[in-house]
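Only heavy atoms go into these numbers, but all of them, side chains included; no hydrogens, no water, no symmetry mates. Note that ligands are numbered from 1 as they come in the structure, with each ligand's atoms numbered from 1 the same way. Worth saying up front: this structure is predicted, and the values here are computed from it rather than measured.
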Amino acid sequence: MPLRFFNTYSREVEEFQPRDAASRKIDMYTCGPTVYSRAHIGNFRAYIFEDLLQRHLELRGYEVHRVMNITDVDDKTIHGAREAGVPLSKFTAQFKQAFFEDIETLRIKRADEFPAATDQRYIDRMIAMIGALISRGLAYQAEDKSVYFRINKFPDYGKLAHFDLTQLQSTGRVKHDEYDKEHIGDFALWKAWDEEDGEVGWESPWGRGRPGWHIECSAMATTLLGDQIDIHCGGVDNIFPHHEAEIAQSEGVTGKEFVRYWLHCAHLLVDGQKMSKSLGNFYTLPDLLEKGYTGPEIRYALMRVHYRTPLNFTWEGMDEARESLSRIDNWLERLRECSAGVQLAKLDKRQVGNLPHTFEEALDDDLNISAALGFLFETIRETNRAMDRKEFDAAKASAWLNWWNRINTVLDLEAETAELPAEIAKLAEARTQARLAKDFQTSDKLRDKIAALGWEVRDTKDGQKITRRAGEPA
Ligand SMILES: [Zn+2]
């Protein structure tokens, strides 16, 4: 069965056909963070969806070349740097670093490239693209010295968002600073310098200024991936105007179809509400780690709902994620005990081949992760029952372990199986004894002691499990 994805362009699930089917190489562009603050878990929902997409394509034998941009100049970053009283590059550096820490904690595969908008190479490309758009009549410099895209000259404008231009025209009032534009929907390609920009600015044929956000992505995408891209992703809130503008700019310059498949991830809600600082339901990754959840648990919680369905984040959901991962870990432990003595490498390939492919087939179907996970947990239930009844042999257990290793290249959820350092092992043994003696006070103290050393204790029906806390150095 071929891969199928919902293409925002057509609003239909389409069979996936990359530009170059023979080479199985795919170019993928994903809009990255704007580094003016620490990213929140809603951002990471989109990044985990993109990670799942990339890993599944790789499982299916594609070679994915992925670019994720870093927006390090825009209104918000400039405003933040001014408030903090530091240069823009210094202000954004801390959030770039935080972003890379967070994606590592969540086991999000790094893109092949993380271009930053302020890199001179891309500024040059932005200026060249704007120049080309002006020469084609697709852009103009207004009296305020800024350069705007002329949407009336681009007939396809609105095609992605399925947006009717007349809706824009009927908008009555125009903000004062936008009187200079020919059309209310024209968007800035180059913003003329003003006092609020301070030291931030680059020279251009239209005077000192800085790029608009949309042209940043068009320039970085076409520089690193060429005129045409197989897949472009982002959150649904990026569709209009950001991605619509990316299409207009890129196609306006190259004359070629910019993107074949547009995939967009739905919102994340917290307790059924939009996340916002004023509601006190705005969470970053460190907020969740502080509450004792691990990177894989958060990864699972953000991954388990189909990407086109809004995901409602709740603390119960986090606890369910913990429970689910512990079921996986216990199952793997049982399989490993059962398979003892059989080396995975020596396993007959046919045995693995006989295992169902339902997990992958579910993901082929527009990344249906809920169905894929449903199959995984059904498998866990059935094989556990078979192991209970002793109807399982080592070869069978090894075959399932191999199957797990294959699907875990997509999920990446397994707990780290680091050897316990002697000190931790001693404390753990003392805690086991305390629990056997029902001395829960001592047991709790030992748990805290172990936690203070960077390890997490979980009590399961098979005894305590100790894992390294996410983000702790090895
Ligand atoms: Zn973008």
Open item on the list: Please check: side-chain N/O of Asp27 versus main-chain N/O of Ile229, any donor-acceptor pairing under 3.5 Å?
Closed with: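 It does not hold such a pair.
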TODO: Verify the distance test for His243 against the Zn ion (ligand 1): any N/O/S atom under 2.8 Å, yes or no.
DONE: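 So His243 does not count as coordinating the Zn ion (ligand 1).
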Open item on the list: At a threshold of 2.8 Å, where the distance has to be below it, does the Zn ion (ligand 1) have an N, O or S atom of Cys217 nearby?
Closed with: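 A backbone or side-chain N, O or S atom of Cys217 is under 2.8 Å from the Zn ion (ligand 1).
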Task: Cation-aromatic face contact Arg308/Phe6, 6.0 Å, 45 degrees - done: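 The answer is yes, since Arg308 meets both limits relative to Phe6.
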Open item on the list: Less than 6.0 angstrom from the centroid, inside 45 degrees of the normal: does Lys145 satisfy that with respect to the ring of Trp190?
Closed with: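 Negative - Lys145 is either too far from the ring of Trp190 or too far off its axis.
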Open item on the list: For the Zn ion (ligand 1), give me the closest N/O/S atom belonging to Glu246, just the atom name.
Closed with: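 Closest N, O or S atom of Glu246 to the Zn ion (ligand 1): OE2.
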Open item on the list: Considering only residues two or more places apart or on different chains, which pairs with a residue in residues 218-240 satisfy salt bridge (Lys or Arg N to Asp or Glu O under 4.0 Å)?
Closed with: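 For residues 218-240: Arg19-Asp230, Asp227-Lys256.
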